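This structure is a prediction, so every number in the text was calculated from the model and none was measured.
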Amino acid sequence: MPRILIIDDEKAIRYTLKEILEFESYQVDQAEDGPAGLDMLIKDKYDVVLCDVKMPKMDGLEVLERAQKIAPDTAFIMVSAHGNIEMAVDATKKGAFDFIPKPPDLNRLLVTVRNALDRTKLVTETKTLKKKIAKSSEMVGTSAPLQAVRTAIEKVAPTDARVLVTGPNGAGKEMVARQIHELSNRAGGPMVEVNCAAIPSELIESELFGHEKGSFTSAVKQRIGKFEQADGGTLFLDEIGDMSLSAQAKVLRALQENKITRVGGEKEISVNVRVVAATNKNLLQEIADRNFREDLYHRLSVILIQVPALNDRRDDIPALVEKFLGDIGNDYGTKPKKMSPEGMAYLQGLDWRGNIRELRNVVERLVIMGGDPITEDDAKSYAGK
């Protein structure tokens with residue numbers, strides 16, 4: 001049940017608002033002044049606060065400012081009989097969700113409260129999703145090769161230097177890119193991913209730079225490209241070794257000038273984007289074979305991070321297996337299974353050509369088909385080796 005706090009020095013107003021909101025099935029508490037309201041915000045969690053502006057002891061706008069530090073996710077709706085446009089603007093600048101004049105119109109009040117609750121719910125869900133994403137992109141293990149990758153990330157992340165991440169398929173290159181973004185000054189901005197190998201060469205330029213309506217047969221409306229979508233954040237170009245030469249030329253120009261032009265357009269658009277690229281190919285060999293531009297390679301590879309294959313960090317397999325057992329148990333809504341020491345030793349001795357991605361698939365298969373604990377015999381039967 002959503003919780004609402006009313007802060008108002010007028011008893012009659014508090015009771016009237018409480019009656020209206022409780023009729024709508026909200027849980028409502030009251031505070032007679034600003035300090036009392038702040039104390040309640042410290043002790044309990046509220047989804048929405050209705051706060052009077054003119055009150056003794058503490059002005060409502062001061063309550064709002066202090067509450068931003070105590071409960072930053074709580075939506076504040078300011079209510080005042082002496083309101084004007086300047087006051088409403090000031091309240092909004094200080095973080096208020098909305099400003100309602102007294103006596104409040106019942107319909108507007110309820111609509112505003114519902115909208116504020118939706119906003120609070122979205123903020124909470126966004127934070128939860130970010131935590132899940134951060135957890136899913138966490139690099140697990142303590143081996144020397146992985147520690148070297150972590151050290152490189154910690155050094156490069158706070159800068160705006162471009163990074164080229166190399167390594168075999170399934171080794172965790174995307175995780176490295178996510179870690180760089182999350183530890184950077186751009187963490188509050190978007191991280192936009194493009195798999196260059198999954199997009200046909202004739203569409204890659206439209207995907208990256210966008211297009212204007214009518215620029216080609218199927219361009220029925222204007223499209224914003226990934227460079228513009230990533231403005232203020234990070235653009236992750238995965239499998240960049242598969243990008244066409246014509247698209248490479250345009251990417252090079254975008255990196256040189258921080259400007260792009262949509263397909264079929266003439267206007268130059270400034271973009272503020274940090275590019276992190278990844279590939280499983282040997283780009284130096286691709287350059288020798290005339291499949292990749294050398295000048296683009298040098299633009300992208302200010303910092304090179306080599307992600308080790310799982311076979312080169314076998315000491316991390318037990319920690320990875322434990323993580324996957326927990327993740328899979330959560331996904332299935334069941335208690336995580338255990339792995340016997342003999343089963344774990346068997347997995348450590350296998351050849352993991354598919355790297356972490358293959359290990360995760362094998363662990364899921366063992367969870368489904370094996371016992372609890374998962375034994376060496378289970379591993380031999382279902383690892384698929």
Side-chain angles (χ1 to χ4, degrees), residues 1-132 134 185 187-190 232-233:
M1 185 184 294
R3 298 193 67 191
I4 298 174
L5 175 62
I6 300 168
I7 307 175
D8 199 306
D9 61 313
E10 295 183 57
K11 192 174 183 180
I13 292 287
R14 292 202 308 272
Y15 284 149
T16 300
L17 291 175
K18 180 179 169 69
E19 257 187 33
I20 293 168
L21 294 168
E22 284 183 338
F23 184 77
E24 297 292 323
S25 300
Y26 299 130
Q27 184 179 334
V28 183
D29 291 333
Q30 306 173 56
E32 61 186 11
D33 56 39
L38 290 173
D39 285 342
M40 294 178 76
L41 281 169
I42 292 170
K43 294 174 184 175
D44 292 303
K45 187 180 184 303
Y46 292 94
D47 300 292
V48 175
V49 175
L50 293 169
C51 184
D52 189 18
V53 175
K54 298 294 182 184
M55 294 186 292
K57 293 188 181 180
M58 188 181 293
D59 183 83
L61 294 180
E62 186 181 347
V63 175
L64 171 63
E65 284 187 277
R66 294 194 183 190
Q68 294 291 304
K69 299 174 183 176
I70 298 169
D73 296 340
T74 301
F76 255 73
I77 300 171
M78 308 306 295
V79 186
S80 178
H82 312 285
N84 52 40
I85 293 174
E86 289 78 13
M87 186 181 287
V89 170
D90 190 28
T92 304
K93 284 182 177 178
K94 290 178 178 176
F97 176 78
D98 205 348
F99 188 97
I100 296 177
K102 280 185 180 180
D105 175 82
L106 178 58
N107 289 328
R108 182 185 170 186
L109 172 69
L110 293 177
V111 168
T112 302
V113 168
R114 280 195 291 269
N115 290 341
L117 286 168
D118 286 343
R119 175 259 190 191
T120 302
K121 184 180 178 183
L122 283 171
V123 168
T124 304
E125 287 177 350
T126 300
K127 286 191 172 183
T128 303
L129 284 171
K130 283 186 175 180
K131 285 180 182 177
K132 284 184 178 179
N185 298 326

Measuring from atom [atom1] of [X] to atom [atom2] of [Y], what distance do you get when rounded to the nearest 0.5 angstrom?
X: Thr120; Y: Asn115; atom1: OG1; atom2: CG; result: 10.5 Å
X: Phe76; Y: Leu61; atom1: CZ; atom2: CG; result: 10.5 Å
X: Lys94; Y: Glu62; atom1: NZ; atom2: CD; result: 9.0 Å
X: Glu65; Y: Ile70; atom1: CD; atom2: CD1; result: 12.0 Å
X: Cys51; Y: Asp59; atom1: SG; atom2: CG; result: 8.5 Å

Is [X] reaching over with its side chain to a backbone N or O of [Y], donor-acceptor style, under 3.5 angstrom?
X: Asp47; Y: Arg3; result: yes
X: Arg14; Y: Asp8; result: yes
X: Lys102; Y: Ser80; result: no

> So Arg108 and Asp98, salt bridge (Lys or Arg N to Asp or Glu O under 4.0 Å) or not? Walk me through it.
Replying inline: CA-CA 11 Å; Arg108 182 185 170 186; Asp98 205 348; 3.6 Å; yes
Could you pull out the closest heavy-atom pair between [X] and [Y], with the gap in Å?
X: Ala31; Y: Ala36; answer: CB-C, 4.0 Å
X: Leu117; Y: Pro2; answer: CD2-CB, 3.7 Å
X: Pro35; Y: Met58; answer: CD-CB, 3.9 Å
X: Gln68; Y: Gly95; answer: NE2-O, 3.8 Å
X: Gln30; Y: Met40; answer: O-SD, 3.3 Å
X: Leu17; Y: Pro104; answer: CD2-CG, 4.2 Å

>> Can you confirm whether Leu110 sits close enough to Leu21 that some side-chain heavy atom of one is under 4.5 Å from a side-chain heavy atom of the other?
In response: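 When only atoms from C-beta onward are counted, Leu21 and Leu110 do touch, with a gap below 4.5 Å.
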> Are Asp118 and Arg114 within salt-bridge range, i.e. N to O under 4.0 Å?
Replying inline: no
>> The test is side chain to side chain donor-acceptor pair (under 3.5 Å); show your working for Asp29 and Tyr46 and say whether it passes.
In response: CA-CA 9 Å; Asp29 291 333; Tyr46 292 94; 2.7 Å; yes
>> Quick test of your reading: applying side-chain hydrogen bond (donor to acceptor under 3.5 Å, both in side chains), list the pairs with at least one residue in residues 32-45, sequence neighbours left out, ordered by first then second residue.
In response: Asp33-Lys57
>> Determine whether Leu5 and Thr74 satisfy the following criterion, side chain to side chain contact (heavy atoms under 4.5 Å, CB included), listing intermediate values before the conclusion.
In response: CA-CA 10 Å; Leu5 175 62; Thr74 301; over 6 Å; no
>> Is there a side chain to side chain contact (heavy atoms under 4.5 Å, CB included) between Asp52 and Ile13? Walk through the geometry before answering.
In response: CA-CA 10 Å; Asp52 189 18; Ile13 292 287; over 6 Å; no
> Under the side chain to side chain contact (heavy atoms under 4.5 Å, CB included) criterion, do Phe97 and Thr112 qualify, and how do the steps go?
Replying inline: CA-CA 9 Å; Phe97 176 78; Thr112 302; 4.2 Å; yes
>> Set out, in order, the CA-CA distance, both residues' side-chain angles and the distance that settles side chain to side chain contact (heavy atoms under 4.5 Å, CB included) for Tyr26 and Val48, then state yes or no.
In response: CA-CA 10 Å; Tyr26 299 130; Val48 175; over 6 Å; no
> Of Leu41, Val63, Leu64, which meets side-chain contact (heavy atoms from CB on, under 4.5 Å) against Val49?
Replying inline: Leu41
